[in-house]
Amino acid sequence: MKQKVEDLDWKNLGFVYRDLPYRYEAKYKDGEWQEGKLIEDSTLALSEGAEILHYGQEIFEGLKAYRREDGKINLFRPDENAHRFALSAERLAMPPFPEDRFVEAVKQVVLANKEYVPPYDSGATLYLRPFMIGTSNVLGVQAANEYTFRIFAVPVGAYIKGLNPADYIVSEYDRAAYAGTGQAKTSGNYASSLLPSVEAHKNGFADCLYLDPREHKYVDEFGGANFYGITQEGQFVTPKSKSILISITKRSLLELAKKQGLNPVERQITLEEAFNMKEAGAMGTAAVISPVGSITYEGKKHVIYSETETGPVTTKLYNELVDIQYGKQEGPEGWVQTID
Ligand SMILES: Cc1ncc(COP(=O)(O)O)c(C=O)c1O
């Protein structure tokens with residue numbers, strides 16, 4: 001059933017699927033992307049032999065539309081999502097969707113569902129979920145030759161509410177292999193993170209912190225966000241790894257941290273080092289910036305900064321990022337695209 005806008009409680013949206021009036025769809029066949037269009041049907045018809053159902057050719061993205069104080073709508077670096085989507089496609093042997101058409105389609109979906117972009121100051125946003133699947137029939141392990149690209153939108157509350165420190169546990173599992181698909185945004189990485197996250201939640205943790213899959217020595221990332229730490233010397237450090245998602249939030253914070261004199265660097269971070277950070281956080285589109293209150297490893301809890309309060313560096317980075325996203329502050333050139 002379609003979601004009625006009048007039934008939405010903007011302050012308590014949660015992070016759940018809702019069926020909005022319009023989505024965008026384009027199909028790939030005969031070696032090229034066909035013209036796409038807005039459609040109303042939220043379902044997909046698939047053959048039982050469709051590639052996605054057996055060998056997992058799926059990639060996706062996640063980005064948000066922010067309601068500004070003047071009522072207009074901001075998109076935050078959608079061109080970066082378009083680019084990462086193309087990289088993910090390449091890794092999964094799928095035909096890249098043209099990056100300019102990706103951004104154009106995102107805008108069409110936002111405008112078509114405009115009244116679902118939550119009000120300024122509600123703390124909520126319109127989350128956009130572009131994805132692509134292999135649809136043609138295969139039996140042996142091989143890539144599809146037909147694909148469907150879609151973008152749907154859902155109004156969401158903050159995935160992790162505000163600047164509240166959360167407790168994490170170091171996972172004994174890996175979510176991605178060293179030279180596997182960790183840098184791509186593909187469903188398989190998330191499928192392998194489900195059991196670890198179920199177990200983490202059962203034990204009272206917000207999520208898992210994964211280690212590098214080769215040595216289990218260095219910090220990789222969280223199940224749905226990248227990791228950063230602020231060293232005792234006040235430096236912003238974030239893992240360099242072949243098996244983590246190239247986060248757009250992370251890349252943005254590296255620039256903001258530079259401007260704030262935090263001398264940011266991407267490098268390997270040992271777990272021991274992470275325990276000794278002055279501050280640490282999770283960063284991503286859904287998480288925004290969420291402070292790490294503690295990291296538990298082999299039964300021992302390591303508190304970072306505080307379990308109840310957020311450190312000053314994290315607070316300053318959070319405020320600057322969010323102000324840019326909502327258009328309260330001007331960001332570096334090209335970061336924000338405003339649509340009416
Ligand atoms: C595993 C993982 N790492 C990192 C991120 C952060 O990426 P981005 O900042 O582009 O949203 C995400 C998605 O939010 C993610 O799912």
Side-chain angles (χ1 to χ4, degrees), residues 15 58-66 75-88 91-92 99 102-103 106 125-131 151 154 156-160 166 168 170-171 173-178 180-197 200 206-213 218-229 236 238-257 264 266 269 280-290 292 314 317-318 320-322 324-325 331 335-336:
F15 200 86
E58 195 270 2
I59 55 168
F60 68 102
E61 273 302 324
L63 68 160
K64 287 172 171 176
Y66 306 80
L75 289 173
F76 184 70
R77 310 188 79 177
D79 48 323
E80 293 290 337
N81 293 95
H83 185 57
R84 186 171 63 191
F85 196 64
L87 295 177
S88 297
R91 181 64 182 84
L92 271 287
E99 294 178 35
F102 179 104
V103 175
V106 165
T125 51
L126 186 73
Y127 183 77
L128 293 137
R129 170 55 61 87
F131 69 95
I151 306 177
V154 185
V156 296
Y159 190 62
I160 303 169
Y168 295 91
V170 176
S171 184
Y173 299 100
D174 297 324
R175 72 183 284 282
Y178 172 70
T181 53
Q183 290 192 342
K185 206 162 168 67
T186 180
S187 50
N189 297 336
Y190 295 84
S192 57
S193 77
L194 293 177
L195 177 64
S197 97
D207 201 354
C208 296
L209 178 61
Y210 291 96
L211 299 179
D212 78 283
Y218 303 102
V219 171
D220 240 0
E221 66 173 331
F222 299 104
N226 274 181
F227 173 91
Y228 74 85
F236 180 101
T238 184
K240 192 179 177 73
S241 165
K242 269 190 142 181
S243 44
I244 65 175
L245 191 72
I246 310 158
S247 155
I248 293 157
T249 315
K250 187 255 290 279
R251 293 190 32 226
S252 306
L253 286 178
L254 281 167
E255 284 193 46
L256 297 182
E266 281 178 283
I269 301 167
M283 49 189 170
T285 299
V288 192
I289 297 179
S290 173
V292 171
T314 294
L317 284 169
Y318 176 91
E320 187 164 12
L321 177 67
V322 170
I324 292 170
Q325 289 169 334
W335 278 20
V336 166

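Both ligands and their constituent atoms are indexed starting at 1 by order of listing. These numbers come from the heavy atoms of this one structure, side chains and all, not from hydrogens, waters or symmetry mates.
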Should the ring pair F85 and F102 be called parallel, tilted or perpendicular, given that the plane angle runs from 0 to 90° and is split at 30 and 60? tilted

Is a donor from one side chain sitting under 3.5 angstrom from an acceptor on the other, for S241 and D212? no

Which residue supplies the protein heavy atom nearest to atom 13 (C) of ligand 1, what is that atom called, and how far is it? K185 NZ, 3.3 Å

Does any non-hydrogen side-chain atom of E221 lie less than 4.5 Å from one of L245? yes

Quick check on G223 - does any of its heavy atoms sit under 4.0 Å from an atom of ligand 1? yes

If we only count N/O pairs under 3.5 Å, is F222 in contact with ligand 1? no

How close does the nearest protein non-hydrogen atom get to atom 11 (O) of ligand 1, and which residue and atom is it? T285 OG1, 2.6 Å

Judged by modelled atom types alone, do T314 and Y228 share a side-chain donor-acceptor pair under 3.5 Å? yes

Between A225 and ligand 1, find which residue part has any heavy-atom pair under 4.0 Å and reply side chain, backbone, both or neither. backbone

Which of the ligand 1 atoms, numbered from 1, are nearer than 4.0 Å to a heavy atom of R84: 7 (O), 8 (P), 10 (O)

Pick from F227, Y190, Y210: the one approaching atom 15 (C) of ligand 1 most closely through a non-hydrogen atom: Y190

Would R175 count as being in polar contact with ligand 1, using the rule that some N or O on each side must be under 3.5 angstrom apart? no

Closest heavy-atom approach to atom 12 (C) of ligand 1 among A287, G224, A176 is made by G224

Pair R77-S252, side-chain donor/acceptor within less than 3.5 Å: yes

Shortest protein heavy-atom distance from atom 3 (N) of ligand 1, along with the residue and atom involved: E221 OE1, 2.6 Å

Measuring from L92:CG to K185:NZ, what's the distance to the nearest 0.5 Å? 13.0 Å

Tell me, please: is E80 in heavy-atom contact with ligand 1, that is, under 4.0 Å? no

